[in-house]
Undergrad: 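Let me give you the structure first, and then I'll get to my questions.
Side chains included, hydrogens not; waters and symmetry mates left out as well; all remaining heavy atoms used. Labels below follow one simple rule: chain letters A, B, ... track the order of the sequence lines, proteins then strands, and each chain is numbered from 1.
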Number of protein chains: 2
Amino acid sequence: MNSDCENCTLSYRCVPSAISSKELFRFTNIVSTNELYQPHDKLFEQSTKADHLYVVKSGSFKTSIQGSTNNPHVNGFFLPGELIGMESMAGNNYLSSSTAIESSLACKINYRQLGALRKDFPLLSDLSVKLYSQALALSQSILSCVSKQSAAQRLACFILILMERTKQLNRRVSEVYLNMSRQDIASHLGLAVETVSRSFSKLIKHGYIKKNNRHIYITDSKQLQFFSTH
Amino acid sequence: MNSDCENCTLSYRCVPSAISSKELFRFTNIVSTNELYQPHDKLFEQSTKADHLYVVKSGSFKTSIQGSTNNPHVNGFFLPGELIGMESMAGNNYLSSSTAIESSLACKINYRQLGALRKDFPLLSDLSVKLYSQALALSQSILSCVSKQSAAQRLACFILILMERTKQLNRRVSEVYLNMSRQDIASHLGLAVETVSRSFSKLIKHGYIKKNNRHIYITDSKQLQFFSTH
DNA sequence: CGCGCTCTTGATCTTCGTCAACGTGAGTGG
DNA sequence: CCACTCACGTTGACGAAGATCAAGAGCGCG
């Protein structure tokens with residue numbers, strides 16, 4: 001695949017936004033764009049050497065942490081334009097494994113080479129800080145989502161966060177497609193699969209959402225918002 | 001207070017570690033060091049203009065998010081050497097309020113001025129990325145802590161994370177002092193205060209920890225670790 | 001059509017939130 | 001010095017919410 005970053009629809013929130021088109025070749029030289037991953041394909045494995053950052057081009061990914069005894073915990077979902085592997089940059093090894101949820105494209109950037117590029121482009125340094133700051137903000141909003149007491153509140157909050165993130169992709173605001181399985185949602189929110197199902201039913205019965213399989217239609221986002229914050 | 005960053009015991013994990021001592025004045029010119037905060041004093045208020053980053057010098061702080069209706073949710077604790085306000089750097093306003101838990105000292109750095117400094121010191125750019133990466137890793141380990149199903153597991157995990165963080169301050173490994181109230185812990189973990197108390201009792205009965213008020217002694221960290229991961 | 005997988009619904013038991021009472025320690029004032 | 005208050009923490013009793021086990025429904029796919 002060639003590195004056509006200049007015409008990428010996501011370049012405005014990626015590295016190219018911090019580099020003049022004249023010098024863009026310096027980035028396209030170090031990035032592997034549009035690598036294809038099928039469902040269950042892995043970007044990287046937990047505890048292996050961390051050396052690459054990934055940008056989701058299309059589709060979606062999840063990251064999960066595997067303890068020694070227990071079943072893995074899904075600690076993040078990643079939509080187009082989002083970065084995977086940011087939290088592993090400080091250490092030597094990846095802190096989680098990353099898996100494609102559906103047929104997806106991702107771009108691959110070497111940490112070290114990106115670091116070198118940052119020295120020559122001050123704007124890239126600013127962008128890094130901005131993207132990290134946003135990632136931290138997202139992580140904390142998910143934290144406050146998961147720490148809500150009622151299961152239905154957690155799910156409502158989860159849907160709203162997903163809605164905010166898809167909104168940035170120029171998608172329809174009142175509609176969310178859940179690429180991930182109920183099992184993944186359950187693991188992410190610290191619930192049993194059955195409880196997730198029941199919580200969906202509860203949100204539907206309240207008239208906040210409608211759903212068709214993994215398609216969620218938000219019929220009353222005001223009320224859903226209110227409900228999620230108790 | 002004067003800005004004696006050169007002799008600060010935490011400088012190795014702060015901005016000065018990325019700047020030669022000859023040029024350190026450029027940083028000490030823009031930082032307000034060792035500002036004193038009493039319990040309940042606020043570093044900043046949610047939704048006000050975000051313009052400063054804070055470094056905890058001594059004592060401890062918490063951040064909390066206030067919704068429109070519900071009681072505030074404690075979404076972070078901060079120990080000496082840790083940064084407060086990182087997640088608000090990308091937006092205009094602070095996403096949470098920050099409060100001193102005990103009598104504490106903090107250093108205050110302006111975002112914009114720090115950004116300017118980053119352009120002149122490439123090492124500072126690297127440090128920023130490293131610190132953000134670590135903050136993100138911490139945030140995710142807390143997320144997987146809070147998403148555990150059992151209350152006692154959450155508490156065990158919380159204690160272990162706190163232990164790891166105090167370990168970096170050359171404190172005794174087997175001992176943790178909880179500067180925060182039970183109410184704050186409960187809010188942070190998404191539990192009721194009474195459940196936190198009962199979970200402490202459970203961990204004690206199992207023989208994993210002992211405690212005296214807010215002093216926690218880890219008597220069997222191996223077992224505590226195992227218990228927390230189920 | 002039948003098989004496997006995901007999702008949903010129902011029944012039961014466990015856990016946690018809530019309400020209440022009690023214990024403890026610090027600060028206050030008689 | 002003691003009685004008092006107040007904030008914080010613990011413990012008990014009870015009802016509500018969720019985990020678990022079990023069964024059934026919906027859907028894609030060979």
Side-chain angles (χ1 to χ4, degrees), chain A residues 38-40 60 62 70-71 73-74 99 101-103 145-159 176-206 209-216 227-228 230, chain B residues 38-40 60 62 70-71 73-74 99 101-103 145-159 176-206 209-216 227-228 230:
Chain A
Q38 295 300 338
H40 304 291
S60 51
K62 66 176 175 181
N70 51 345
N71 36 4
H73 171 243
V74 176
T99 314
I101 292 178
E102 53 194 316
S103 180
C145 168
V146 172
S147 63
K148 295 199 185 305
Q149 55 278 48
S150 128
Q153 280 182 311
R154 287 190 221 179
L155 184 62
C157 182
F158 175 73
I159 292 171
V176 176
Y177 180 72
L178 303 173
N179 343 58
M180 67 293 287
S181 70
R182 296 285 189 272
Q183 181 56 62
D184 285 342
I185 298 175
S187 168
H188 190 55
L189 299 180
L191 299 170
V193 197
E194 297 91 331
T195 308
V196 173
S197 263
R198 276 185 258 269
S199 299
F200 269 120
S201 306
K202 203 174 286 185
L203 295 180
I204 292 169
K205 197 157 66 181
H206 285 31
I209 67 169
K210 287 182 182 172
K211 89 172 159 57
N212 187 357
N213 294 325
R214 292 183 175 186
H215 272 284
I216 307 294
F227 174 82
S228 77
H230 203 174
Chain B
Q38 295 299 340
H40 304 290
S60 52
K62 65 177 175 181
N70 50 346
N71 35 4
H73 171 243
V74 176
T99 315
I101 291 177
E102 53 194 315
S103 180
C145 168
V146 172
S147 63
K148 295 198 185 307
Q149 53 279 47
S150 130
Q153 280 181 311
R154 286 190 222 180
L155 184 62
C157 182
F158 175 73
I159 292 172
V176 176
Y177 180 72
L178 303 172
N179 343 57
M180 67 293 288
S181 69
R182 295 286 189 271
Q183 181 57 63
D184 284 342
I185 298 175
S187 168
H188 190 55
L189 299 180
L191 299 170
V193 197
E194 296 90 333
T195 307
V196 173
S197 263
R198 276 185 258 269
S199 299
F200 271 119
S201 307
K202 202 173 287 185
L203 295 181
I204 292 169
K205 198 159 62 181
H206 285 31
I209 65 169
K210 287 183 182 173
K211 90 172 158 57
N212 186 359
N213 293 324
R214 292 183 175 187
H215 272 285
I216 308 295
F227 173 83
S228 77
H230 204 169

Undergrad: CD of A:Gln38 to OG1 of A:Thr99: how many Å apart, nearest 0.5 Å?
TA: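 Those atoms lie 13.5 Å apart.
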Undergrad: Please state how far atom CD in A:Gln149 lies from atom P in D:dA17, giving the value in whole angstrom units.
TA: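 Spelled out: CD on A:Gln149 to P on D:dA17 is 11 Å.
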Undergrad: Provide, to the nearest angstrom, the distance between the CE atom belonging to B:Met180 and the C1' atom belonging to D:dA7.
TA: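 Distance check: B:Met180 CE to D:dA7 C1' gives 18 Å.
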Undergrad: What residues form a side chain to side chain donor-acceptor pair (under 3.5 Å) with A:Ser228, not counting sequence neighbours?
TA: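 Residues passing side chain to side chain donor-acceptor pair (under 3.5 Å) with A:Ser228: none at all.
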Undergrad: Atom CD of B:Gln153 to atom P of D:dG18: distance rounded to whole Å?
TA: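 Interatomic distance, CD of B:Gln153 to P of D:dG18: 18 Å.
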Undergrad: How far does CZ of A:Arg182 sit from CZ of A:Arg214, to the nearest 0.5 angstrom?
TA: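 If we round to the nearest 0.5 Å, A:Arg182:CZ and A:Arg214:CZ are 7.0 Å apart.
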Undergrad: How close or far is atom C1' of C:dT8 from atom CG of A:Asn212, stated in whole angstroms?
TA: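 Spelled out: CG on A:Asn212 to C1' on C:dT8 is 14 Å.
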Undergrad: Starting from the 5' end of DNA chain D, give me the residue, B:Arg214 or A:Ala152, whose nearest nucleotide shows up first.
TA: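 Result: B:Arg214.
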Undergrad: Scan nucleotides 10-14 of chain D against the protein and return all N/O pairs shorter than 3.5 Å with their distances rounded to 0.1 Å.
TA:
from	atom 1	to	atom 2	distance (Å)
D:dT10	OP1	B:Arg182	NH2	3.2
D:dT10	OP1	B:Lys211	NZ	2.5
D:dT10	OP2	B:Arg182	NE	2.8
D:dT10	OP2	B:Ser197	OG	2.5
D:dT10	O5'	B:Ser197	OG	3.2
D:dT11	OP2	B:Ser201	OG	2.6
D:dG12	N7	B:Arg198	NH1	2.9
D:dG12	O6	B:Arg198	NH2	3.3
D:dA13	N6	B:Arg198	NH2	3.4

Undergrad: Taking CD from B:Glu102 and C1' from D:dA7, how many angstroms apart are they, rounded to a whole number?
TA: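 Atom-to-atom, B:Glu102 to D:dA7, this comes out as 18 Å.
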Undergrad: Drop me the distance from B:Gln153's CD to B:Leu203's CG, to the nearest 0.5 angstrom.
TA: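 Atom-to-atom, B:Gln153:CD and B:Leu203:CG are 10.0 Å apart.
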Undergrad: Specify the separation, in whole Å, of atom NZ of B:Lys148 and atom C1' of C:dT15.
TA: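 Taking NZ of B:Lys148 and C1' of C:dT15, I get 18 Å after rounding.
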Undergrad: Please give, in whole Å, the distance from D:dC8 P to B:Asn179 CG?
TA: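 Distance check: B:Asn179 CG to D:dC8 P gives 15 Å.
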Undergrad: For the pair made of CG in B:Leu155 and P in C:dT15, what is the distance, rounded to whole Å?
TA: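 My rounded result for the distance is 16 Å.
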Undergrad: Calculate, to the nearest 0.5 Å, the distance between atoms CD1 and CG belonging to A:Ile159 and A:Leu178 respectively.
TA: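 Answer for the CD1-CG pair, A:Ile159 versus A:Leu178, is 6.5 Å.
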Undergrad: Can you spot which of B:Val74, B:Thr195, B:Leu155 makes a side-chain contact (heavy atoms from CB on, under 4.5 Å) with B:Leu189?
TA: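 One option only clears the test, and that one is B:Leu155.
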